[in-house]
A.B. asks: 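Next up is a structure, given as structure tokens.
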Amino acid sequence: MNLEHQWSGAFTKPDRRPIWEWAADNITLPAVLTKTGAFDVSGSRHFMLPFTWLHSESVREVNVMAPPRSGKTLLADVSVPWAVVNDHASVLWVFQTGPLGKSHAELRAMPTLKSSQQIRDILPADRHKDRTEEILFTNGLPFIICGPSISNLQSRGFKWVICDEPWLYDPGVLYEAKTRNGDFVKSASSKFLAISQGGVEDDDWDTQHKSGELNEWHVQCESCGHMMAPEWTAHRPDGTRWGIMFDGEKDAKGRYNIARALETLRFECEKCAFPHTDSAATRARWNLTGEYRVIGDPHKSRKSARWNALIDYPWHALLEEWLSARHAAHIGNFDPTIQFVQKRLARPKSEKTIHEGTLQFARAKITDEKWESEVLRCVTVDRQSEDTYWLTARQWAKDTGESRRITFRRCYSEADIVAAVAEVNPSTIRIAIGGQQIAVRAVLIDSGYRPKGDAGVYAMCARHGWMAGKGTDEPFFWHSVNKKDVHGKVTTDRIQRPYAPWTWGDPGEGTESQGRKHAPLIRFSASPMTDRMQDLIDRGLWLEPEGDSETEMGREYDRQMSSEFRKRKVNKMTGKEEMYWACPSGNNHARDCGKESVLLATITQLL
């Protein structure tokens, strides 16, 4: 370093311009990047707020969740030389692996640093202090790139700590990296930057991102000017979908017609449904008019940003990737769907990642007033544990197969169920048991958990004139049906149905005070009932209340209804592949209630 630069560097005030303005004049991007030469933020205005946070004296932590190759690492590439020159920062940059850190240092970080004259002026003359992954500047400040090994983090403190793709770190490493800010936290001069795609819900990275003030990039509708997050798929309060839309034409095997989907691809506005086209011009307009909106609680010193691939990646390529992922999911392979959500949509993997949003319910304004088409009103209950029950009530129409949900709630006692039944006032139906016709209320409780005893399901049903049900894996049940031939002779046929003949559920021991009274019990095949329910949902006949998804219980209902998916397995008896319904989370109580409701509609011949 010559004397002129030493003198000017000693007395020049720090450059307080925004980081992107300083970078435009002081660094040159290396050839390995898509955009080379002088840095220009104009084509990626969503970088400006994170840069502002990194520049701010009051913001200590910055978290960015965004797709791979969308420029989030460029935030660090550009900010590091600014921090060394203008914030006099020592820098620790932690990558997901040591080899990746070394590769990034050689191809991007070091060339970007050394493109700045101000950085070159403080490079050490001793080549041993200027290694591939480490520089000790002449002013004594170190710059280190390393992997996430704990041993790499047990050293001196750094003013700036950067974590790259922390979703891949082992548990605890992200916290260890943050502690490397050391005493700079005490002096309120530290800066922590984490940049990554989506990881796993509630992992260290997700927790870190959610700990900050959440800012999501919003874009402007070209027609009505409405500002909205460019979601891949979302639902309006009335249940209609907005976001990426296309013709969902499928073949006999359930595979999408990709050519037709791409031909009809558009992004519909949340408010006015205006169809935005898949074009560079659309994305350019979104870049010019876009802005961040705070969607969480304000936080002065900790900020988080998120954007997804829709703002800078061709939609047709994303749609082909999505359709391929959904085809894989149809046969039980959910990995491509998970990767799409994590990488393209920049969201963490969760039960919602796999299932939520796959069900599109028809919605209606459901009130306490009588529905003119109603011929059956029923209550179905799934017992989850000792004193926890999930309860659903539905109205059914005659002939059409249409039904409406009246309520969905959690009950904590038999008394709660009794109160809900009184509120709903379900129908009375007649069933045949042992050749006798009896009248019962249309209330069916799943007896899979603790059916016997005074507090069991059978005793509860016996006390109140309700019914017990038990789903099974049996494909069908045999029924004997009498019929007359043309000569009036009565014959008996054996037919198959997806439910068994009615029988009695015995509460068992300890029921002397109840007189050993039994409850009507029906066993049924769970898979056909699920198929029928899914068909009703797909055909728009399974109606849910408008705006229900905006409530906490409504969102819980959507999660539980979306918890099952079709999966292939080999039948050990036949050697053939079969489809069955799987629920990895076990949180399918609303769906079990739905199957029981379909069962009641089936046995009353509404379906």
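Below, each value reflects all heavy atoms present in this structure, side chains not excepted, and no hydrogens, waters or symmetry copies.
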A.B. asks: Looking at CG of Leu168 and CD of Gln96, how far apart are the two atoms once the value is rounded to the nearest 0.5 Å?
C.D. replies: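 Here the rounded value is 5.5 Å.
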A.B. asks: Say whether, by atom type as modelled, one donor and one acceptor occur between the side chain of Arg347 and the main chain of Val341 under 3.5 angstrom.
C.D. replies: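 Absent.
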A.B. asks: Answer yes when Lys159 and Asp87 have at least one side-chain N-carboxylate O distance shorter than 4.0 Å, and no when they do not.
C.D. replies: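 A salt bridge is present here (some side-chain N lies under 4.0 Å from a carboxylate O).
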A.B. asks: Side chains of Trp53 and Asn63: closer than 4.5 Å at any heavy-atom pair?
C.D. replies: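 A side-chain contact under 4.5 Å is absent here.
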A.B. asks: So among Phe340, Trp315, Phe246, which one has a ring-ring contact (aromatic ring centres under 6.0 Å, His included) with Trp322?
C.D. replies: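 Option passing the ring-ring contact (aromatic ring centres under 6.0 Å, His included) with Trp322: Phe340.
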A.B. asks: Indicate whether any N or O donor in one side chain lies under 3.5 Å from an N or O acceptor in the other, for Thr530 and Arg591.
C.D. replies: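 Short answer, no.
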A.B. asks: Return yes if a side-chain donor-acceptor contact under 3.5 Å exists between Glu176 and Tyr169, otherwise no.
C.D. replies: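 There is no such pair between these side chains.
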A.B. asks: Are Asp15 and Asp25 close enough that some pair of their side-chain heavy atoms sits under 4.5 Å apart?
C.D. replies: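 Counting from C-beta outward, Asp15 and Asp25 never come under 4.5 Å.
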A.B. asks: Within the 4.5 Å heavy-atom criterion, are Ile144 and Trp93 side-chain neighbours or not?
C.D. replies: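 Answer no - side chains too far apart.
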A.B. asks: Can Arg539 and Glu402 be counted as an ion pair, charged N to O under 4.0 angstrom?
C.D. replies: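 Not counted as a salt bridge, because no side-chain N and carboxylate O are separated by less than 4.0 Å.
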A.B. asks: Name the one of Ile295, Val64, Val294 that satisfies side-chain contact (heavy atoms from CB on, under 4.5 Å) with Asn215?
C.D. replies: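 Among Ile295, Val64, Val294, the one that satisfies the side-chain contact (heavy atoms from CB on, under 4.5 Å) with Asn215 is Val294.
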A.B. asks: Are Thr392 and Arg405 close enough, and set up right, to give a side chain to side chain donor-acceptor pair (under 3.5 Å), and what steps lead you there?
C.D. replies: CA-CA 7 Å; Thr392 302; Arg405 174 163 60 89; over 6 Å; no
A.B. asks: For the side chain of Arg120 and the backbone of Ser115, is there at least one donor-acceptor N/O pair under 3.5 Å apart?
C.D. replies: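 It does hold such a pair.
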A.B. asks: Is it true that atom CZ of Phe274 has more than 12 heavy atoms of other residues, nucleotides or ligands lying nearer than 6.0 Å?
C.D. replies: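 Yes.
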A.B. asks: Taking only Lys NZ, Arg NE, NH1 and NH2, and the carboxylate oxygens of Asp or Glu, determine whether Glu546 and Lys365 approach each other closer than 4.0 Å.
C.D. replies: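 Salt bridge: no.
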A.B. asks: Could you check if a side-chain atom of Val78 sits within less than 4.5 angstrom of a side-chain atom of Trp20, using non-hydrogen atoms only?
C.D. replies: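 SC-SC contact between Val78 and Trp20 ruled out.
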A.B. asks: State whether a side-chain donor-acceptor pair under 3.5 Å links Gln117 with Asp121.
C.D. replies: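 There is such a pair (donor and acceptor under 3.5 Å, judged by atom type) between the side chains of Gln117 and Asp121.
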A.B. asks: I want to check something: taking the side chain as every heavy atom from C-beta on, are Glu216 and Arg306 in contact at a cut-off of under 4.5 Å?
C.D. replies: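 Side chain of Glu216 against side chain of Arg306, heavy atoms only: contact under 4.5 Å found.
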A.B. asks: Do His104 and Asp77 have side-chain atoms, one donor and one acceptor, less than 3.5 Å apart?
C.D. replies: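 Present: a donor and an acceptor within the cut-off.
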A.B. asks: What is the distance from atom NZ of Lys210 to atom CE of Met65, rounded to the nearest 0.5 Å?
C.D. replies: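 So the gap between those two atoms works out to 8.5 Å.
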A.B. asks: Counting N and O atoms only, with roles assigned by atom type, does the side chain of Lys303 sit under 3.5 Å from a partner on the main chain of His299, one being a donor and the other an acceptor?
C.D. replies: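 Yes.
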A.B. asks: Please check: side-chain N/O of His88 versus main-chain N/O of Ala83, any donor-acceptor pairing under 3.5 Å?
C.D. replies: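 No; zero donor-acceptor contacts below 3.5 Å.
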A.B. asks: Please check: side-chain N/O of Arg302 versus main-chain N/O of Glu61, any donor-acceptor pairing under 3.5 Å?
C.D. replies: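 Side chain of Arg302 to backbone of Glu61, a donor-acceptor pair under 3.5 Å: no, none is there.
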A.B. asks: Pair up each side-chain donor or acceptor in residues 264-272 with any protein partner under 3.5 Å, not counting sequence neighbours, and list the distances.
C.D. replies:
| from | atom 1 | to | atom 2 | distance (Å) |
| --- | --- | --- | --- | --- |
| Thr264 | OG1 | Asp247 | N | 2.7 |
| Thr264 | OG1 | Arg260 | O | 3.0 |
| Thr264 | OG1 | Ala261 | O | 3.3 |
| Arg266 | NE | Glu268 | OE2 | 3.4 |
| Arg266 | NH1 | Thr264 | O | 3.0 |
| Arg266 | NH2 | Glu268 | OE2 | 3.3 |
| Glu270 | OE1 | His226 | NE2 | 2.8 |

A.B. asks: Keeping the roles fixed (side chain from Gln342, backbone from Gly199), state whether a donor-acceptor pair exists under 3.5 Å.
C.D. replies: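 Such a contact is found between Gln342 side chain and Gly199 backbone.
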A.B. asks: When you measure from the side chain of Ser324 to the backbone of Glu320, do you find a donor-acceptor pair of N or O atoms at a distance under 3.5 Å?
C.D. replies: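 Such a contact is absent between Ser324 side chain and Glu320 backbone.
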A.B. asks: Could you verify whether a donor N or O on one side chain and an acceptor N or O on the other, from Gln208 and Asp204, lie under 3.5 Å apart?
C.D. replies: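 No pair is found: no donor N or O on one side chain lies under 3.5 Å from an acceptor on the other.
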A.B. asks: Relative to each other, are the rings of Trp307 and Phe47 parallel, tilted or perpendicular (30° and 60° limits)?
C.D. replies: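 Rings of Trp307 and Phe47: tilted, as their planes differ by 30° to 60°.
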A.B. asks: Using side-chain heavy atoms (C-beta onward) and a distance below 4.5 Å, is Glu165 in contact with Leu100?
C.D. replies: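 No, too far: nothing below the 4.5 Å cut-off.
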A.B. asks: Which of these, Gln534, Arg404, Met533, sits in a side-chain contact (heavy atoms from CB on, under 4.5 Å) with Trp542?
C.D. replies: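 Answer after filtering Gln534, Arg404, Met533: Met533.
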A.B. asks: Assess whether a salt bridge exists between Asp558 and Arg363, defined as any Lys/Arg side-chain N lying under 4.0 Å from an Asp/Glu carboxylate O.
C.D. replies: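 Looking at Arg363 together with Asp558, the answer is yes, because their closest N to O distance falls below 4.0 Å.
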A.B. asks: Which label fits Phe39 and Phe51: parallel for a plane angle under 30°, tilted from 30 to 60°, or perpendicular past 60°?
C.D. replies: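 The rings of Phe39 and Phe51 stand perpendicular, inter-plane angle above 60°.
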A.B. asks: Does the side chain of Asn287 reach to within under 4.5 Å of the side chain of Ile311, using non-hydrogen atoms?
C.D. replies: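 When only atoms from C-beta onward are counted, Ile311 and Asn287 do not touch, as no gap falls below 4.5 Å.
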A.B. asks: Could you go through the ring-ring contact (aromatic ring centres under 6.0 Å, His included) check for Phe158 and Trp160 one step at a time?
C.D. replies: CA-CA 5 Å; Phe158 293 83; Trp160 277 52; over 10 Å; no
